[in-house]
Amino acid sequence: MQEKYLPADIERAAQAQWEAAQIYRATEDASRPKYYCLSMFPYPSGKLHMGHVRNYTIGDVLARYHRMRGFNVMQPMGWDAFGLPAENAAIANNVPPAAWTYANIDHMRTQLKALGFAIDWSRELATCKPDYYRWEQWLFTRLFEKGIIYKKMATVNWDPVDATVLANEQVIDGRGWRSGALVEKREIPMYFFRITQYADELLTGLDNLPGWPERVKTMQANWIGKSVGVRFAFPYQHDGQDEKLWVFTTRADTIMGVTFCAVAAEHPLATRAANNNPALAAFIAECKQGSVAEADMATMEKKGMDTDLKVTHPLTGESIPVWIGNYVLMSYGDGAVMAVPAHDERDFGFAQKYNLAIKQVIAGAGESFSTDAWQESYGDKTHGVCINSGKYDGLNYAQAVDAIAADLAALNLGEKKTQFRLRDWGISRQRYWGCPIPIVHCPACGDVPVPAEQLPVVLPEDVVPDGSGNPLNKRADFVNCTCPTCGGAAKRETDTMDTFVESSWYYARYACPDFDGGMLDARANQWLPVDQYIGGIEHAILHLLYARFFHKLMRDEGLVSSDEPFQNLLTQGMVIADTYYRESADGKKTWFNPADVAVDASGARLIADGQPVIVGGIEKMSKSKNNGVDPQALIDLYGADTARLFTMFAAPPEQSLEWSDAGVEGAHRFLKRLWKAAYDHVQNGVAAAYQSGELREELKTLRRTLHLTIQKVSDDIERRRQFNTAIAAVMELMNALAKIEGDDAMTRSVRQEVLEVAVALLAPIVPHVSEALYVELKPGIELKPGIELKPGAAMQWPNADQAALVQDSIELMLQINGKLRGQIVVASTAAREAIEAAALASDAAVKYLEGRPPKKVVVVPGRLVNIVL
RNA sequence: GCCGAGAUGGCGGAAUCGGUAGACGCAGCGGAUUCAAAAUCCGCCGCUGGUAACAGUGUGGGGGUUCGAGUCCCCCUCUCGGCACCA
C-alpha cells in the first residue's frame with residue numbers, strides 16, 4: 001500500500017476500471033427494485049461551474065448510496081443544447097452555434113468524467129440532435145391537430161434598431177442590450193400550448209407529490225393561481241350597436257362600489273378611443289414602451305388616462321368612465337378590470353392620483369373609513385358586510401357574491417367563473433438556434449403541420465447569426481418548400497421552439513435514447529417515474545411545471561402510464577459568488593470573473609491591468625454575470641474526491657452555498673488523515689473485523705459511536721438529505737478512533753471494523769479513495785469488474801448492530817428554572833421517581849433550593865430534569 | 001410590486017418532535033517536531049467580568065406563548081431566488 005494519498009493516480013485507475021467494466025451501464029432488470037436518479041442536465045456553456053459540481057455530486061451520492069443498498073440504478077446525462085448563449089457566442093466569435101455547442105459538450109463531458117460520476121454514458125443525448133428533436137416535432141404536430149397547440153397574437157420586446165425580438169434578459173433599463181435602443185412592445189403571431197386546459201390537474205396533482213418540498217408546491221400553486229370569481233360585462237353603445245366590456249373580479253361583493261373601469265393599452269377599446277384622440281394615442285404609445293416583463297410592469301409608476309368613453313353599470317345603470325391603465329395586463333382575464341377604489345389598494349391609489357370617486361360599500365363593525373389614506377382592512381373580504389349597496393346591504397362576502405352573480409346571470413351579463421393566473425405557454429421564438437417548428441405556411445391550405453414521414457425538419461448547422469433578425473429567414477433553401485397537402489409552393493415556419501420544450505421530456509427519452517421508431521418505447525414505463533430529481537431551486541416554477549405538463553400530454557398520447565414525472569425532488573440551493581464589473585459611458589456593463597480580480601483593503605482590482613473594478617455584490621453564479629468559479633483548478637490540485645467532499649460538506653444541499661477557496665484544504669486534509677489511519681493499520685497486517693467477545697470500556701464506547709454513526713449517516717443520506725452532517729459524523733468517528741491506542745488483537749479487530757465501515761459510509765461521496773482503501777483493508781477480496789464483485793458493488797452499505805448501542809447509564813441535564821446548572825448520571829432504566837429523587841439530591845438542586853420544596857419538577861426522559869422554584 | 005426562502009461565533013455551518021446553543025470544518029492563538037520552514041501532531045478558541053471556581057450575557061430587531069424558545073405566534077428590517085423570451 002502506498003504511504004501517501006495520491007488522488008490523481010487513484011482516480012485515474014478507478015475511472016479506467018469503471019469504464020472498462022461498464023459497471024454503471026443500466027439495464028432493465030425486474031428482479032431488483034429500480035432507482036432512476038436524475039440531475040437536471042446542463043446547458044453546454046463552455047465549462048463546468050461549481051453549481052454543476054454540486055448538482056451532480058448530490059445526484060451521484062444518492063445514486064451510489066442506492067447501488068450499495070441493492071437497487072438497480074440508472075443515472076443518465078445529456079445536454080440542454082439549444083439556447084441563446086450559443087447565438088451570442090456566434091456573434092462574438094464568428095463561429096456557428098452548432099460547432100461552438102459541440103465543442104463545449106466534448107469539453108464538459110471530459111470534465112464530468114474526471115469527477116467520477118456513476119453515469120450511464122451510453123444513454124447520453126443532446127437536444128440539438130435531429131434524432132432527439134424529431135420526436136418533439138412529431139408531438140407538436142399531434143398536439144396541433146388535437147388543438148392543444150394553437151396560434152394567436154402575443155406581445156414581445158422589439159428592438160427597432162437591430163430589428164429583432166429581445167429576451168427579457170436582453171432588455172436593460174428599457175433598452176436593447178446591444179443597440180441601446182428604447183424597446184417597444186410589439187404584437188406578433190405565436191404558437192401556444194394550451195397549458196390552461198391542464199391547470200386544474202397541475203394544481204390538484206401537487207397533493208400527490210409528498211416527495212416534493214413544500215415551498216416548491218406552494219410556489220407552483222400560487223403560480224397557477226386558481227381564483228373563483230365572476231366574469232361580467234358593462235354594456236355600452238358603439239355606432240348604434242350594443243357591445244360589452246367584459247371584466248373578471250374576485251370581489252363581486254364590491255360591485256356597487258365601482259366608480260370607473262380600466263383597460264390595458266392593448267385593449268381594442270383603447271385602440272378605438274385613440275383613433276381621433278392624439279393625446280390618448282400618445283399615452284398608449286408610451287404604455288407600449290419598455291419591456292413586457294411582469295416585474296417591470298408591476299414596479300413602474302401607475303399611470304392612466306381617461307378615454308372619454310362610458311359604459312353602463314350592469315346593476316345600477318350608472319354611467320361609468322373607462323380609463324386606460326398601464327398596470328392592467330392584457331394577458332390576464334379579458335385585459336380589463338372594474339375599479340373599486342374603496343376596497344382595492346391599487347384602485348385606491350389610482351383614484352387618489354386622478355381624483356376619481358371613492359365609494360365605500362363594505363364596512364366592518366365599528367370601523368371608520370377615510371378616503372385620505374389606505375387601510376389594510378379596506379381590502380379584507382373576511383369581515384364586514386355590504387353597505388350603500390341597495391338590496392345587498394347586510395350580506396357578507398359569500399352571500400353577496402352569490403346574490404350578485406345570480407342577478408348578473410339573470411340579466412345575461414355575467415356568471416361565476418374560475419380564473420387562473422396561469423397563461424397559455426407561448427413557445428415561438430424568433431431565433432435560429434432552436435428546434436424548428438414543424439409547420440408549413442401554404443397560401444392555399446394555411447398552416448399545415450409537417451407529416452410524420454417528412455420529419456425531422458432539420459435545422460441547418462452551418463449558420464452564423466449576426467444579431468439582427470432570425471437568420472433562418474435568409475436561408476432560401478430552408479424557407480422554400482412544397483405544401484405537404486396540395487403540393488404547391490409554400491414557406492416553412494422559421495420560428496423555433498422555446499428551449500423549455502426540449503427540457504420538458506428529456507427525462508423520459510433517457511429510458512430509450514436509441515429508439516428510432518417513435519418518441520418513447522416500453523422501456524419508458526419501466527424506468528418512469530424518476531425516483532429522484534435534483535436541480536436548482538431557480539427551476540421551482542417554470543421548468544418543473546412545464547415538465548409536469550408535458551408528462552400529462554405524453555400520458556394522454558399513450559406514451560407513458562404515470563401521472564407525474566418526478567416522484568421525489570431535491571432543490572439544491574444556488575452556488576453564489578461575488579460579482580465585479582466596469583461600466584462604460586453608455587451604461588454598458590462588462591463583468592469580470594472573480595478569479596481575475598484581486599480584492600484587498602483598498603478595493604477590488606482587475607489583475608490584468610491593476611485598475612479598479614466595481615463590486616456588484618454576491619449573486620448566483622451565472623454566465624451573464626461572469627462569476628462562475630472554475631472547478632477544474634480544484635480537481636487538478638486536490639482531485640475529484642476533495643472537490644466532491646468539499647461541496648457536500650460546506651453547506652446542506654438546499655441552502656445556497658457561498659463559494660470560497662478556504663475550506664477545500666480541510667476536506668483534503670481529512671482524506672489524507674483517513675488514508676494515513678488505514679495505512680498505519682494495514683502496515684501491521686490487516687485483522688478480521690470485530691465479531692464478538694468482551695471489550696474494555698473504551699472499545700465498547702468506540703463501537704457504540706461506530707454503530708450510532710451508521711444509523712446517523714444512513715438517516716442523513718436517505719431521509720434527511722443532509723450530507724454535511726453525515727460527513728461530520730464520520731469525521732467525529734475518525735477523531736474518536738485516533739484517540740484509541742493499543743495493538744492487541746481486540747483493539748485491532750475493532751479498529752478494522754471502524755475503518756471498513758468508515759470507508760463504506762464515505763463511498764457514495766468519495767468513491768475513488770473509498771474503493772482504493774477498501775481493497776487495501778480487504779486483501780482477500782479480488783475485484784473482478786463486471787462479474788459479481790464489481791468495484792463499488794462489492795461494498796455493501798453497513799447495518800447498525802443494535803447490541804452495540806445499549807448503554808448502562810445515561811447523563812441527564814439538570815436545569816433550575818430553565819437554566820442549566822449541572823448534570824446527573826442515572827441508570828438507563830431508572831424510573832421517573834428515581835430520576836426526580838436523584839435530581840433533588842444533587843449539589844446544584846440543594847444549593848438553589850435552600851431547603852424549600854420545589855414548585856414543580858419536569859422530567860424529560862433521556863434528556864433533562866427541570867426544577868422550578 | 002407579487003410569490004417563495006433565509007438571517008446562529010472572525011467564517012461555512014450543527015442543534016432532526018419545544019429540552020446541554022455553537023457538533024464538524026476553516027481561520028486564529030499556544031505548544032511539540034525541525035538547523036529552519038512547509039507538512040504533521042497535541043492543546044485552546046461566542047462575548048463580558050474573574051488568576052480560577054464561577055457569574056452574567058448571547059441565535060437580524062421588537063413583542064408574546066411556555067417550567068423551558070435558535071425552534072411556535074404577531075409585527076418589523078435586511079439578503080437571496082422566481083415573475084412566463086437566461087437556462
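Any value given below was found using the heavy atoms of this structure, including those in side chains, with hydrogens, waters and symmetry copies removed.
- Residues Q572(A) and L657(A) form no side-chain contact, since every pair of their non-hydrogen atoms from C-beta on lies 4.5 Å or further apart.
- Looking at which nucleotide of RNA chain B each of G818(A) and E214(A) is closest to, the 5′-most match is held by E214(A).
- Close to rU16(B), at under 4.0 Å from its OP1 or OP2, lies no side-chain N or O of Q711(A).
- Pairing partner, rU40(B): rA32(B), with both Watson-Crick or wobble hydrogen-bond distances short of 3.5 Å.
- Listed pair Q572(A) / rG81(B) fails the phosphate criterion, with no side-chain N or O lying under 4.0 Å from OP1 or OP2.
- Pairing for rG18(B) is absent, judged as Watson-Crick or G-U wobble with the two contacts each under 3.5 Å.
- A heavy-atom distance below 4.5 Å is not found between the side chains of L814(A) and Q823(A).
- When the nucleotides rU40(B), rA87(B), rC67(B) are ranked by their closest atom to the side chain of K856(A), rC67(B) comes out on top.
- Across F500(A), Y546(A), F41(A), Y132(A), a single residue satisfies ring-ring contact (aromatic ring centres under 6.0 Å, His included) together with W505(A), and that is Y132(A).
- If you check rG10(B) for Watson-Crick or wobble pairing at under 3.5 angstrom, you find it paired to rC26(B).
- Between Q815(A) and rU20(B) there is no side-chain polar atom (N or O) within less than 4.0 angstrom of OP1 or OP2.
- At the phosphate of rG25(B), OP1 or OP2 sits under 4.0 Å from a side-chain N or O atom of N735(A).
- In the displayed structure, E741(A) atom CD is contacted under 6.0 Å by at most 12 heavy atoms of other residues, nucleotides or ligands.
- Within 4.0 Å (heavy atoms only), K855(A) reaches no atom of the nucleic acid at all.
- Partner assigned to rA87(B) is none, using Watson-Crick or G-U wobble distances below 3.5 angstrom.
- rG10(B) shows a glycosidic angle more than 90° from 0 and is accordingly assigned anti.
- For rA15(B), one of the phosphate oxygens OP1 or OP2 lies less than 4.0 angstrom from a side-chain nitrogen or oxygen of R720(A).
- Using a 4.5 Å cut-off on side-chain heavy atoms (C-beta onward), T499(A) and W433(A) make no contact.
- Pairing partner, rG70(B): none, since no Watson-Crick or wobble contact has both distances short of 3.5 Å.
- For rC3(B), the OP1/OP2 oxygens have no side-chain nitrogen or oxygen of K217(A) closer than 4.0 Å.
- rG60(B) and rU8(B) have their C1' atoms separated by 10 Å, with the value rounded to a whole Å.
- Checking rG25(B), rA87(B), rC85(B) against the side-chain heavy atoms of Q430(A) singles out rC85(B) as nearest.
- Taking the O4'-C1'-N9-C4 or O4'-C1'-N1-C2 dihedral as appropriate, rC17(B) has a value within 90° of 0 and is therefore syn.
- Side-chain contact check for F350(A) versus Y327(A): some heavy-atom pair is nearer than 4.5 Å.
- When the C1' atom of rA23(B) is taken as reference, atom CG of D716(A) falls 12 Å away, rounded to whole Å.
- Within the structure, every side-chain polar atom (N or O) of R423(A) is placed at least 4.0 Å from both OP1 and OP2 of rA84(B).
- Proximity of N168(A) to the phosphate of rC83(B): no side-chain N or O atom is located under 4.0 Å from OP1 or OP2.
- The side chain of Y848(A) contributes an N or O atom lying less than 4.0 Å from OP1 or OP2 of rA55(B).
- The phosphate of rA87(B) has OP1 or OP2 within less than 4.0 Å of a side-chain N or O from T499(A).
- With both ends at atom C1', the span from rC73(B) to rC24(B) equals 33 Å, rounded to whole Å.
- Side chains of Y506(A) and L38(A) form a contact here, defined as non-hydrogen atoms less than 4.5 Å apart.
- In this structure, Y133(A) and P436(A) have side chains that are in contact, with non-hydrogen atoms separated by less than 4.5 Å.
- Nearest to the side-chain atoms of N222(A) among the listed nucleotides rC24(B), rC3(B), rA84(B) stands rC3(B).
- Atom C1' of nucleotide rC83(B) and atom CG of L329(A) are separated by 11 Å, given to the nearest angstrom.
- Searching all strands for a Watson-Crick or G-U wobble partner of rC2(B) with both distances below 3.5 Å returns rG82(B).
- For R821(A), no side-chain nitrogen or oxygen approaches OP1 or OP2 of rG68(B) to under 4.0 Å.
- Position along RNA chain B of the nearest nucleotide to R669(A) versus A651(A) favours A651(A) as the more 5'-ward residue.
- Distances were taken from every side-chain heavy atom of T725(A) (C-beta onward) to each of rA14(B), rG19(B), rG1(B); the shortest belongs to rA14(B).
- Under 4.0 angstrom from either OP1 or OP2 of rC24(B) there lies no side-chain N or O belonging to N724(A).
- Applying the Watson-Crick and G-U wobble criteria (two distances, each under 3.5 Å), rG60(B) pairs with rC76(B).
- Taking only side-chain nitrogens and oxygens, R421(A) never comes nearer than 4.0 Å to OP1 or OP2 of rC83(B).
- Looking at the side chain of H539(A), the nearest of the listed nucleotides rG4(B), rA84(B), rA87(B) is rA87(B).
- For rU51(B), there is no paired base (Watson-Crick or G-U wobble, both distances below 3.5 Å).
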